[in-house]
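Okay, structure first, notes after.
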Amino acid sequence: MKEVAANFNAKVIECAVQEHWRTNDTYATVKQHRSTGKPFFFVDGPPYTTGTIHLGTAWNKILKDSILRYHRMNGRHVIDRAGYDMHGLPIEVKVEQALGFKSKKDIEKYGIQKFIEECREFAIRNKLMMDEQFINLGVWLDFPGAYKTVMPEYIEAAWWTLARVEDKGMLERGHRVVNWCPRCETAIADAEVEYADESDPSVFVKFPLKGRTNEFLVIWTTTPWTLPANVAVAIAKDFLYAKVLAKKDDKETLLWIAEPLVKAVLKKGRCKDFSIVETKKGAELIGWEYESPLASCVPLQREIAHKVLAADFVALENTGIVHIAPGHGWDDFVLGTKEGLAIVCPVDGAGKFKEEAGIFAGQYVRDSNENVLVALGDHLFAKETVTHRYGHCWRCKTPIIFRATSQWFLKISEMRELMLKEVEKVTWYPEWAGSARFYDWIKDARDWCISRQRYWGIPIPVWVCPKCDAYRVIATIAELEERSGKPLLDPHRPYVDEVTIPCTCGGTMKRVEDIFDVWFDSAVASWATIGFPGKTQDFENLWPADFITEGQDQTRGWFYSQLGASTIAFGKAPYKSVCMHGFALDAEGKKMSKSLGNVVTPEEVIAKVGVDVLRLYILSSSAPWDDLKFNWEGVGTINRAANILWNVYRFPVPYMILDKFEPANKAGLWDDAYIRANLSRMPDEDRFIISRINSVAATVDAATRECQLHRATRELINFILEDLSRWYVQLVRERMWIEGESESKHFAYETIYYVMRQLIGLLAPVCPHITEDIYQNLRCKNDPASVHLLDWNKGEPALVNAELEQAVGIVRSFDEACANARQTGKRKLRWPVAEVVVVTDSEPVKDAIGRRLNAVCKDRANAKTVRVVMGRWERIGWKAEPIMKALGKGFGKNSFAVKTLIETADGNLLKTEISAGRTVKLGNGNAVFDIGADHVTFAEQLPPEVFSSSMPDATVYVDVQLTPELEAEGYAREVIRRINEMRKQLNLAVEDFIVADVAVADERICALIQASWRTGIMEEVRARELSIHKTGAAVKTFEMVKDWDVEGVAMTIGISKAND
RNA sequence: GGGCCCGUAGCAUAGCCCGGUGGUGCGCCCGGCUGAUAACCGGGAGGUCAUGUGUUCGAAUCACAUCGGGCCCA
């Protein structure tokens, strides 16, 4: 055992521990040690490799690490491969920005090969940076062996999965409306759309009805640019529609609008005069034909037969008539498919109108809105601007458009039922994350568009024959090489694009150009991480995963993508349990964002308080699934708790070293045999703390098993502060100071050693560095080489003593009540008191304070005696207090006399009689009055210099009255304290001797101390010589002389170090 | 507009499932201890339990509505 640094310096400790782990390869040793245990298959949700980690990412890994460390200590062989998500649009966008690119054309010009190599380089660079940051957090995952979505084996897993999807008939090549980013020129998934406020025109447009003059349908839209693609309007069958005669500027028109909305619409069109000509049910409008108001300038529109249809999504909003452009809206598309409408889409991938859009050709759709309105001319009925939530590309923030294109889909909508069933089988922490949140999300799931028209991703392994249109899904690289007859250098674009396969029809199959949605990459992680399909053994033994944990945003992300892919490929969920965690917010509960300037980085926190405190803070301050409001004060509090842990650990070490203490062990291997064997002979405080640490262990174990790390950590912090520091250490101090051999001291050493060993074991998953540092200093020479090699303590019921814990609880309440009463009585703890009396009716209180822990009570209370009185303490008197209101009623003008009688009567006697239900006669000679229960109340009357305070089930009375003996002791204690203070100021060593002189101004006090305490003081301050005398006598020269005011008595104290 | 979660003293949290005096920590003020000491301990003040309505003898707790925050969706 070594001396321990006086100041707790987390950074120094953590650096040293990390270095120790590196040189001893501790992580590998721990894994090796557990390699024969029951497997615990964990899958790391792969963070995306852009830039540095933030507090939320840190939280995520800290949570994972703590839970996995717990399982390792419980003997599990943890599959702990880290993972990284390294493909996809976010990286492409970053690289594009770095290269100053504006569109896909720039990429093509630059060369796809060069471009993807840039992307690869970017991803790898970031991955290495993130490795380092995670390792600095103390996270023990397999980082060198991490799965990376860019590896050929990984890509193969995605390919294999798609082939499997195809086998199940769940892959569909379809011409559908998808979310489209016109900047990235690709389809994006629902999950990639971000909603933000956008300003758009809100317009009401008149569509002329065919064969009628001056009669129109009025529609509403916020996307005028979709009007060139209009093919129909939709109404609701059951709504009532009105034909309105509207007058404006002396012109009359006939307008069809849903009847309840007429007034509002005409107001927007500034028509003051109008009248309803006729009304019809929506059903009667079906089949009406109309013409496009853009027919003259958009050739495409002239070829379309526009008509009125019914649709159930039409709401009683705006005009009640909905513009339908099946090429540019999801509902429109579904309706169009059902009704056999033309799916027109005169917009290209870059969001520009094609030739068929006539005068708008070449214009960017959002820029063309104004031109469309101009072209509408008189058909524009009303126009205003709205700000509404609109979808944006998650990466480049460009407003998305809907566009009908040819894409590849996973038929999720057909899997919903099975997915919902599987969700129910998964254990969710918290329960509602699955049963409510995730369940609702899946209920509404649509088919998943998995194709992207981009470059940096897993190429979709589909080869199509241009001659016969047949396609083939390739499952593995080997299959591709075999069919193509050529080796594959790299399964990425553009290398894979060059590979062709002969078709059975004689044609040559070419790969479709698309790559996978990056969410599909991570969707296959649970089997890709164990090498499937390349290797199958681990898959058969391990899959599905025992546990995953990610943030609440992954409900629609990874929880979902994995479930979808897995349910199609294997018919079941890829995980058995899921813990959903929250987000890291700022102290006000707002999202941390660069623009708000409220971002706190993990580095900042680590720089101030170190990693373990950050870990303990994050895990203890909120439940995993609640959002974390980051708060520096809270961090400070946890740091203080860590500091107290350090002090508690440090406190006995010097004494143990001095005594060459070594805990009882067998051949250098420590266990708790000594504690078990000697427990019954140990002092109560030792048995208490041993019991407590085992109760705590049981609580911590139960909480951790349920992912309730906040409960586990709070329990541990509470134990350190309350039980260890504030209680046990206070009680055990004197035993540490015993010089020479002592069984009592030895018990204390063994106890505190045992408790520290158990405590650091329980704390090791959360604070891996501090506990390792402490363990390395405490371990016996043949003990396991790391705290992380220890077995978990679930709490040993045989060592738990509930009655004792309860008794100590009572004594601690007593302790607090004493302090309270002393404070009221203005008697410092240093000054002894003659007696403390506890009045109670409770047997447990009586037993704890009066018998079992009486010695502790006396010590804590600094009292000569502590005794318990059941029922009533004879020194407590009762004072009768008249109730004047009642006296006035009962005694009229004699009230005042009665009042005096009551006040001067013997309160005790009065109370006894009245409590027994009798009346008491009080008189002053001339008159006698009957006093009953109505007339008086009783107040407790304490003897002089007795002060009380209440505790649960009892009242504590402290008698602070001084006797000469008590006074002498009190002053003696004051002198001792001051001499010791001066010793410290002189920097004397604990074992140094001194000579001292005390001059006291008050003759009586001087005599008191002199008479009984001179020797006592000399012992306590290690004085060779001590003179106590009245002020004024000649004083020798001392190294230090100080004047003191001791409770109003002036003293001059001089001390010097004794020679020799 | 919809789903889920959260709202308790200046700050952070427990209690809510299963209704019966709202605990705790930090900070603040006062005090104690002085061989854990640039540490440690005690006491005190501080609460419309977001708001409103309902159920009930009784609501922080149950129900409904509103407001505010977060995540997700349309």
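Numbered from 1 within each chain, the chains take letters A, B, ... in sequence-line order. Just so we're clear, the structure is a prediction, and the values are computed from it rather than from any experiment.
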- Determine, step by step, whether Arg827(A) and Val833(A) satisfy the side chain to side chain contact (heavy atoms under 4.5 Å, CB included) criterion, reporting the C-alpha distance in whole Å, the side-chain angles of both residues, the deciding distance to 0.1 Å, and the verdict. CA-CA 9 Å; Arg827(A) 183 71 75 232; Val833(A) 297; 4.2 Å; yes
Would you list the protein and nucleotides 26-31 of chain B atom pairs, both N or O, that sit under 3.5 Å from each other?
from	atom 1	to	atom 2	distance (Å)
rC26(B)	OP1	Arg640(A)	NH2	2.7

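- When heavy atoms are screened at a 4.0 angstrom cut-off, Phe8(A) is found touching no nucleic acid atom at all.
- Side-chain contact between Ser744(A) and Ile738(A) is present, with at least one heavy-atom pair separated by less than 4.5 Å.
- A centroid separation of 6.0 Å or more is found between the aromatic rings of Phe402(A) and Trp180(A).
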- Let me have RNA chain B in dot-bracket notation, would you? Count Watson-Crick plus G-U wobble pairs, both distances under 3.5 Å, and use [ ] for pairs crossing earlier ones and | for inter-strand partners. ((((((((.[[[[.)....(..]]]].(((((.......))))).....[[[[[..)....]]]]]))))))).
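- For Leu829(A), the side-chain atoms get nearest to rC33(B) when compared with the rest of rC4(B), rC33(B), rU37(B).
- Under the 4.5 Å side-chain criterion, counting only non-hydrogen atoms from C-beta, Leu721(A) is in contact with Ile644(A).
- Aromatic ring centres of His581(A) and Trp59(A): separated by under 6.0 Å.
- Listed pair Arg714(A) / rA14(B) meets the phosphate criterion, a side-chain N or O lying under 4.0 Å from OP1 or OP2.
- Counting heavy atoms from C-beta outward, Lys608(A) and Val613(A) have side chains that stay 4.5 Å or more apart.
- Here Ser725(A) lies in heavy-atom contact (under 4.0 Å) with a base.
- Counting non-hydrogen atoms under 4.0 angstrom, Arg711(A) reaches the backbone sugars and phosphates but no base.
- A cation-pi geometry, defined here as NZ or CZ lying under 6.0 Å from the six-membered ring centre and within 45° of its normal, does not hold between Lys745(A) and Trp737(A).
- Comparing rA12(B), rC72(B), rG42(B) against the side chain of Ala819(A) picks out rG42(B) as the nearest.
- Between the CD atom of Glu722(A) and the P atom of rU24(B) there is a distance of 10 Å, given to the nearest Å.
- In this structure, Arg830(A) reaches the rU34(B) phosphate: one of its side-chain N or O atoms is under 4.0 Å from OP1 or OP2.
- In this structure, of rA39(B), rC5(B), rG15(B), it is rA39(B) that holds the atom nearest to the side chain of Asn647(A).
- Here the two rings, on Phe661(A) and Tyr655(A), have centers that are 6.0 Å apart or farther.
- For Met982(A) and rU37(B), the CE to C1' distance is 18 Å, given to the nearest whole Å.
- Here, rA60(B) and rG19(B) have their P atoms 13 Å apart, quoted to the whole Å.
- Salt-bridge check for Glu974(A) with Arg978(A): passed, with a basic side-chain N closer than 4.0 Å to an acidic carboxylate O.
- Side chain of Lys629(A), nearest nucleotide from rA12(B), rC33(B), rC71(B): rA12(B).
- Atom name P, nucleotides rA14(B) and rC62(B): the rounded distance is 15 Å, in whole Å.
- Between Tyr649(A) and Trp646(A), the distance from one ring center to the other falls under 6.0 angstrom.
- Atom P of nucleotide rA12(B) and atom CD1 of Ile618(A) are separated by 17 Å, given to the nearest angstrom.
- To the nearest angstrom, P of rU34(B) lies 12 Å from CH2 of Trp1044(A).
- Summary of the strand contacts: Arg860(A) and Arg973(A) both lie near RNA chain B, and taking for each the nucleotide with the nearest heavy atom, the more 5' one is attributed to Arg973(A).
- Straight-line distance between the P atoms of rG31(B) and rA38(B): roughly 22 Å, to the nearest whole Å.
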